[in-house]
Structure formats: C-alpha cells, structure tokens
Amino acid sequence: MRVGIVGAGFSGAVVGRELAEAGHEVVIYDARDHVAGNCHTARDEDTGVMVHEYGPHIFHTDIERVWEYVNRFGEMMPYNHKVKTTVDGKVYSLPINLLTINQLFEKAMNPTEAREFVAGLAETDVDEPETFEEQALKFVGRRIYEAFFYGYTRKQWGVEPSQLPASILKRLPLRFNYEDSYFNHPYQAIPRNGYTPIVEAILDHPGIELHLLTRFDVAQRGDFDHVIWSGPLDGWFGFAEGRLGYRTLDFEPSRHDGDFQGTPVMNYGNYEVPYTRITEHKHFAPWESHERTIVFHEYSREAEADDIPYYPIRLTDDHELLDRYIELAEKEENVTFVGRLGTYRYLDMDRTIDEALTAAEGILTAVADGNPIPSFFVDPH
Ligand code: UDP
C-alpha cells in the first residue's frame with residue numbers, strides 16, 4: 001500500500017522504516033527543515049559543541065528491542081545523567097536522595113534513619129493521590145515538596161501542582177542512598193554524533209520518500225491508502241473542538257569560555273527565578289572536549305497557536321476535551337495516530353520507539369488479515 005506519514009521524528013521514522021522494509025511505499029512529510037523532531041541536534045559553529053536544539057534528550061531504556069534498534073542506526077555512547085538543583089542560593093543533589101535529604105535538613109542520617117524521618121514528614125491523609133501535590137505530600141512531605149517541587153513545577157507547567165496529575169511526579173525516584181544517577185534504566189546513552197544522523201539513517205531506505213519543509217494538508221489523505229499522523233491529535237481535526245493545552249519552551253542561548261556550571265543540568269527550584277533550568281550542552285558529550293561552551297537558559301510557557309508544542313499538559317480537568325478528540329479519532333478510517341503529539345502523552349524517546357514498533361507490527365498484521373487498521377495502538381486516555 002501507499003502510506004503517507006506526517007512527522008519525521010522517531011515515531012514517523014520508525015513506523016516508516018518498518019513499513020518500507022515490509023515492501024510498502026512510504027512518503028514522509030515534515031514541516032521543518034530537518035528530521036528528528038524535537039530530538040534534533042546540530043553542531044554549534046562558534047563553540048563546536050553538539051547542541052540539543054529543542055532541549056536536552058537523554059536516551060534511557062530497559063526495553064531490549066528499543067536498545068537494539070537505536071544501536072542498529074548509530075553509535076550510542078555511555079552517558080550517566082546527573083542533575084543538580086539550586087534552591088535559596090544552595091546547590092542540592094537530585095533526584096531526591098540521601099545527600100539531598102541530609103543537605104536540606106542539615107543532618108547526617110543513615111538510610112534507615114532517613115527512611116523513618118521522611119516517613120514521619122509524609123502527610124498521609126490521602127489514600128490514592130490523584131494530583132501532583134497530593135502525591136508529593138504523601139511521598140516526601142511539605143518541606144521537601146516546597147523546596148524542590150513546588151516552584152519548579154509551577155514554572156514548568158504554569159499551574160498550581162494541585163491541578164496536575166500525580167503521574168508527572170511518579171517519573172522521579174526517591175532514594176535512601178547516595179546514588180545520584182537521574183535514571184534507573186540499565187541502558188543510558190547519547191549518540192556520538194547526535195540524534196539527527198540516527199533518524200536520517202532510519203529513513204535511509206529506498207522505499208521511503210522524504211519531503212522536508214512540507215506541511216501535509218489533511219485534504220491530501222485521499223492520495224494514500226493509509227496515513228500515520230504524528231502531529232498534534234487536535235491538529236488532525238483542525239482544532240474543531242478547541243485546543244488541547246501544551247507547554248512550549250523558550251531557550252536563551254549564550255556562549256562563554258571554559259566551563260559555565262560544571263554539570264549538564266542545573267535546575268532552579270525557586271519560583272522567583274524565571275527560568276526552570278540551565279543546560280550546558282558540552283556536558284552531554286563527555287567524550288568530546290571544547291574550550292568554549294554554550295548554555296541554554298530554559299523558560300516554559302503556555303504554547304500559542306504558532307509555538308512548537310513540547311509537553312502535553314493534561315490538566316485533571318482537561319480530560320473532557322481530550323476524550324472528545326479520542327472519540328473522533330476512533331471513528332476515523334485509514335489514519336493511525338502515533339507518538340507524543342498524536343496521542344497527547346508525555347513520552348520518553350524509548351517508549352516512543354517501542355510504541356512505533358508496536359504500531360508498525362499492528363498495521364502489518366491488520367493488512368495481512370484484511371482487517372481495518374486501528375486509529376490507535378495504545379490507549380491514549
Ligand atoms: N520536577 C520538579 N523539580 C525538579 C525536577 C523535576 O518539581 O527539580 C518535577 C516537574 O514537575 C517536572 C517533573 O518533575 O515536570 C518531571 O521531571 P523530569 O526531570 O522528568 O522532566 P523533563 O526533563 O522530562 O522535563
């Protein structure tokens with residue numbers, strides 16, 4: 001069949017590759033002048049540093065087939081991500097670990113003492129935390145929540161944490177030892193030459209035709225037997241029911257001599273500091289050395305119509321609109337919605353690739369069995 005794919009990020013590229021390898025004719029459109037979507041990387045001319053143009057992306061996974069997949073298309077370099085946070089003029093270790101707890105409370109507790117201490121801080125009147133705030137209060141208590149989560153989260157999401165789902169906080173671990181790796185996954189890496197060449201390699205197949213700087217119009221769907229849409233779910237419907245909320249990011253780059261902050265990511269927990277974090281890109285490639293450095297001050301705000309959508313907000317009371325779009329999408333024929341934007345979910349790269357592989361398998365099975373191809377291969381609720 002002839003398949004149109006909208007978006008040349010990981011979702012579109014992986015589905016496209018799998019379908020092309022199975023002998024289908026694939027045409028991919030992307031409105032930007034590069035592939036890899038928000039994972040796009042490019043070398044900065046002045047400093048020579050590999051820059052994650054849309055903010056840092058650290059590849060981490062425990063999914064074997066995803067790890068094998070990325071390694072097929074590029075060289076992954078071992079990388080152990082660490083993050084620090086500055087709060088009230090002091091630097092603390094993240095994610096919350098024994099050092100963070102001892103630093104904040106100016107103590108020297110051992111793991112057992114700290115566990116009991118934090119259990120004593122926890123406000124446990126809520127059984128099943130639904131919001132970010134309830135989850136945090138139950139998990140770590142008010143003092144830790146206010147120091148490390150409240151200000152950062154309000155800046156990042158633009159709303160009170162009491163309006164955010166608990167799932168966002170569940171991304172972060174709490175450790176009672178001095179382990180300060182940001183992620184727990186067994187595979188953690190950054191591609192030697194950035195993400196863009198990996199996506200280019202995935203797309204490098206004779207069955208794939210790529211059109212950059214080309215906006216796909218939904219009216220073109222008739223040119224294809226099937227369309228894979230990795231653009232915003234509401235965008236497919238021309239935003240007919242209203243707009244789903246997204247946060248967008250503004251990056252303020254600056255270049256300096258030497259080492260700016262000595263670490264890849266410094267978060268700023270205080271609400272009064274206008275940026276959420278400063279990222280220093282040369283520290284994402286510790287196998288390289290550069291005399292100069294480029295840093296991004298990162299600001300978060302609500303996405304307007306022309307902004308690049310980054311994070312789906314999914315406020316607890318946003319779900320009605322989302323449900324309406326899901327219902328419309330499920331009724332559509334000959335289109336499948338994939339990826340972070342297509343399913344309106346906060347997705348890491350590894351999950352994105354895994355889901356794209358699952359979608360491609362599902363499409364191929366449906367075609368082989370002569371069944372209609374589903375609109376979703378995940379539950380977008
Ligand atoms: N978070 C926080 N303080 C921090 C770091 C994270 O409150 O110092 C919260 C914040 O709400 C953030 C969420 O935890 O959106 C997930 O953090 P993660 O580092 O996974 O965010 P990402 O790097 O994906 O933006």
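Every number for a ligand or one of its atoms is a count from 1 in the order of the listing. Owing to the predicted nature of the structure, the values given are computational and were not obtained by experimental measurement.
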Worksheet item: Parallel under 30°, tilted from 30 to 60°, perpendicular over 60°: which one fits the rings of Tyr246 and Tyr344?
Response: perpendicular

Discussion item. Among all protein heavy atoms in this structure, tell me which lies nearest to atom 24 (O) of ligand 1, with the distance rounded to 0.1 Å.
Written reply: Tyr346 OH, 2.5 Å

Fill in: Donor-acceptor contact present, side-chain Arg247 to main-chain Ala303, <3.5 Å
no

Worksheet item: Among Thr85, Thr153, Thr86, whose heavy atom sits nearest atom 11 (O) of ligand 1?
Response: Thr153

Worksheet item: Between Thr61 (side chain) and Ile63 (backbone), is there a donor-acceptor pair under 3.5 Å?
Response: yes

Practice prompt. Among all protein heavy atoms, pick out the one at the shortest distance from atom 20 (O) of ligand 1; state its residue, atom name and that distance to 0.1 Å.
Written response: Arg171 NE, 2.9 Å

Worksheet, complete the sentence: The answer for which part of Arg277 has a heavy atom under 4.0 Å from ligand 1 is side chain

Practice prompt. Please work out whether the ring planes of Phe337 and Phe237 are parallel, tilted or perpendicular, with thresholds of 30° and 60°.
Written response: parallel

Worksheet entry | Residues Asp234 and Arg243 bridged, charged N to O under 4.0 Å | no

Item to complete: Number the atoms of ligand 1 from 1 as they appear, then name those within less than 4.0 Å of a heavy atom of Leu94, with their elements.
Response: 8 (O)

Worksheet item: Hey, are Arg154 and Glu146 close enough for a salt bridge, meaning a charged N less than 4.0 Å from a carboxylate O?
Response: no

Worksheet item: For atom 15 (O) of ligand 1, what is the nearest protein heavy atom, given as residue, atom name and distance?
Response: Trp157 NE1, 2.9 Å

Worksheet item: Does the Lys155 side chain pair with the main chain of Glu272, one donor and one acceptor, at a distance under 3.5 Å?
Response: no

Practice prompt. Write out the residue and atom name of the closest protein heavy atom to atom 13 (C) of ligand 1, then the distance separating them to 0.1 Å.
Written response: Ile168 CG2, 3.6 Å

Discussion item. Taking the ring centre of each residue, are Tyr152 and Tyr271 less than 6.0 Å apart?
Written reply: no

Worksheet item: Tell me, which protein residue and heavy-atom name are nearest atom 18 (P) of ligand 1, and how many Å apart are they?
Response: Tyr182 OH, 3.8 Å

Discussion item. Within ligand 1, which atoms have a heavy atom of Gln156 less than 4.0 Å away?
Written reply: 15 (O)

Worksheet entry | ligand 1 contact on Phe149 by region, counting heavy-atom pairs under 4.0 Å | both

Discussion item. Can you name the atoms of ligand 1, numbered from 1 with element, that are less than 4.0 Å from a heavy atom of Asn267?
Written reply: 4 (C), 5 (C), 8 (O)

Worksheet item: Among protein heavy atoms, which lies nearest atom 25 (O) of ligand 1, and at what distance?
Response: Tyr311 OH, 2.6 Å

Item to complete: May I ask you to identify, for Leu164, whether its side chain, its backbone, both or neither come under 4.0 Å of ligand 1 on a heavy-atom basis?
Response: neither

Worksheet item: Nearest protein heavy-atom contact for atom 1 (N) of ligand 1: which residue, which atom, what distance?
Response: Tyr152 CD2, 3.6 Å

Discussion item. Ring-plane angle category for Tyr145 and Phe132, please: parallel below 30°, perpendicular beyond 60°, tilted otherwise.
Written reply: tilted

Worksheet item: Would you call the rings of His281 and Phe284 parallel, tilted or perpendicular if under 30° counts as parallel and over 60° as perpendicular?
Response: perpendicular

Worksheet item: What do we get for Leu169 next to ligand 1 when only non-hydrogen atoms under 4.0 Å count, side chain, backbone, both or neither?
Response: neither

Response to the item:
Near Leu172 (heavy-atom distance under 4.0 Å), the atoms of ligand 1 are 1 (N), 6 (C), 9 (C), 14 (O), 17 (O)

Fill in: Nearest-option assignment for atom 3 (N) of ligand 1, heavy atoms, candidates Phe148, Phe132, Tyr268
Phe148

Practice prompt. Report the relative orientation of the aromatic rings in Trp236 and Phe216; use parallel for angles under 30°, tilted for 30 to 60°, perpendicular for over 60°.
Written response: parallel

